[in-house]
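Just passing along the structure, written as structure tokens.
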Amino acid sequence: MSSKLVGVGVGPGDPELVTVKGVNALREADVVVVPVMDSGERGRAEATVLHYVPGDKVVRVVFALNERSDRTRREAAWDAAGERVAELLRLHASVAFATIGDPNVYSTFTYLAQTIAELVPGTVVSTVPGITAMQDLAARSGAVLTEGTEPLTLVPVTAGAAVLKDALAGPGTVVAYKFGRQAHEVAEALRETGRLADAVWGSALGLPEESVRPAAELDETPLPYLSTLIAPARREGGRGGKL
């Protein structure tokens, strides 16, 4: 029989935000792979997974999670990680890969699945959706993501602050991911587009070190890499104004 690889979204950090289906997938798998930046650390995905499965079932696999400048090194790290997961698939009928957020939204699982398709042909790949950081931040801050016919734009600030500024100049709510290292540039983009007043940002959502703050407080102080920003749509016309 073909082995199964399932990408499981485990949410932004709060273990209570893992879905029932996600918990079942983690428990049903023979092993659960968690991505780490080096083999000596416990990442956010692993910390969440350990609420639901025993530690001896968890396997850490090193990924170049923050490598953006050296493509050769990044590709080599992905290949090595893929081979390690391929080894597990040759030994086990089912392997789960736990990823923070959702496995189909800026997730390492996308690259892993492509690699496994080449290394272990016939592997059945599936995903279990997870709650995203923007959903959790909206709940914790009271920010409404969309109303009526409003669009929702999601931007990784690793693509550059100019991309975010273009999105802010358009309609609807804008969500920015991974903006911690460019917090000052993000604050400037919000000011220049008149979107600063209602915007909020958050980091470490659901964890003891959680921070949820108005974007107006952003300055040049570096923030955690995985910080999330919500700039709500401009809303006029009262309740249901954009239906």
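On a predicted model such as this, the values are computed, not experimentally measured, just so you know.
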Thr99 side chain reached by Thr108 side chain, heavy atoms, under 4.5 Å: no

For the CZ atom of Arg234 and the OG1 atom of Thr193, what is their distance to the nearest 0.5 Å? 6.5 Å

Atom CZ of Phe97 and atom OG1 of Thr127: how far apart are they, to the nearest 0.5 Å? 12.5 Å

Validation row: Val144, Glu150 side chains within 4.5 angstrom (heavy atoms): no

Taking Arg44's backbone N and O only, do any of them form a donor-acceptor pair with Thr48's side chain (distance below 3.5 Å, no angle check)? yes

Are Val8 and Tyr106 linked, directly or through intermediate hydrophobic residues, by side-chain heavy-atom contacts shorter than 4.5 Å (ILVMFWY only)? no

Rounding to 0.5 Å, atoms CG (Leu26) and OG1 (Thr19) come to a distance of 8.5 Å

Could you report the tightest heavy-atom contact between Arg90 and Val120, atom names first, then the distance? NH2-CG2, 4.3 Å

Heavy atoms of other groups near Glu16 CD, more than 12 under 6.0 Å: no

Passes side-chain contact (heavy atoms from CB on, under 4.5 Å), Thr132 versus Leu154? Steps please. CA-CA 11 Å; Thr132 61; Leu154 176 59; over 6 Å; no

Kindly say whether Val36 contributes a backbone atom to a donor-acceptor pair with the side chain of Arg60 at under 3.5 angstrom? no

Atom of Pro103, atom of Gly130 and distance for their closest heavy-atom approach: CD-N, 4.1 Å

Heavy-atom side-chain contact between Arg42 and Leu50 under 4.5 Å: yes

Side-chain heavy atoms under 4.5 angstrom apart, residues restricted to Ile, Leu, Val, Met, Phe, Trp, Tyr: same cluster for Val31 and Val128? no

Quick check: does any side chain N or O of Asp102 sit under 3.5 Å from a backbone N or O of Gly9, one acting as donor and the other as acceptor? no

Could you check whether Arg191 pairs with Glu188 (Lys NZ or Arg NE/NH1/NH2 to Asp/Glu carboxylate O, under 4.0 Å)? yes

When clusters are formed by joining ILVMFWY residues with side-chain heavy atoms under 4.5 Å apart, either directly or through shared neighbours, do Leu223 and Val200 land in the same one? no

Please report the shortest heavy-atom distance between Ile116 and Ala86, naming the atom on each side. CD1-N, 3.7 Å

Do Asp198 and Arg235 make a side-chain contact, defined as non-hydrogen atoms from C-beta onward lying under 4.5 Å apart? no

Report the residue from Val155, Leu226, Val157 that forms a side-chain contact (heavy atoms from CB on, under 4.5 Å) with Lys178. Leu226

Any chain of hydrophobic side-chain contacts (each under 4.5 Å) joining Val85 to Val34? no

So does Leu89 get a backbone contact from the side chain of Ser3, meaning a donor-acceptor N/O pair under 3.5 Å? yes

Contact between Val212 and Leu205 at the side-chain level, heavy atoms closer than 4.5 Å - yes or no? yes

Approximate separation, where rounding is to 0.5 Å, of Ile131 CD1 and Leu17 CG: 4.5 Å

Does Gly22 offer a backbone N or O that forms a donor-acceptor pair with the side chain of Tyr52 under 3.5 Å? no

Closest approach of Ser211 to Trp201 (non-hydrogen atoms, all atoms of both residues): OG-CH2, 3.7 Å

How close do Ser227 and Ser203 get, heavy atom to heavy atom, and via which atoms? OG-CB, 3.6 Å

Would Val32 end up clustered with Val10 when hydrophobic side chains under 4.5 Å apart are linked, directly or stepwise? yes

Under the salt bridge (Lys or Arg N to Asp or Glu O under 4.0 Å) criterion, do Glu87 and Arg84 qualify, and how do the steps go? CA-CA 5 Å; Glu87 291 174 1; Arg84 177 68 180 110; 3.4 Å; yes

Hey, what do you get for CG (Leu229) to CG (Leu137), rounding to the nearest 0.5 Å? 8.0 Å

Does the Lys57 side chain pair with the main chain of Arg27, one donor and one acceptor, at a distance under 3.5 Å? yes

Please check if the side chain of Glu217 supplies one atom and the backbone of Pro214 the other of a donor-acceptor pair under 3.5 Å. no

Would you check if the side chain of Ser2 reaches a backbone N or O of Val124 as a donor-acceptor pair within less than 3.5 Å? no

Pair Val6, Glu28 - check side-chain contact (heavy atoms from CB on, under 4.5 Å), show working. CA-CA 11 Å; Val6 54; Glu28 290 168 3; over 6 Å; no

Pair Phe179, Leu218 - check side-chain contact (heavy atoms from CB on, under 4.5 Å), show working. CA-CA 11 Å; Phe179 81 91; Leu218 288 172; 4.2 Å; yes

Please give me the minimum heavy-atom distance between Lys165 and Ala189, naming the atom from each residue. CB-CB, 4.2 Å

Is a side-chain N or O of Asp30 found less than 3.5 angstrom from the main chain of Val95, in a donor-acceptor match? no

Can Tyr111 and Phe63 be said to form a side-chain contact (heavy atoms from CB on, under 4.5 Å), step by step? CA-CA 11 Å; Tyr111 313 122; Phe63 284 79; over 6 Å; no

Report yes or no: does Thr173 contribute a side-chain atom to a donor-acceptor pair with the main-chain N or O of Leu145 at less than 3.5 Å? yes

Measuring from atom CG of Leu5 to atom OG of Ser126, what distance do you get when rounded to the nearest 0.5 angstrom? 7.5 Å

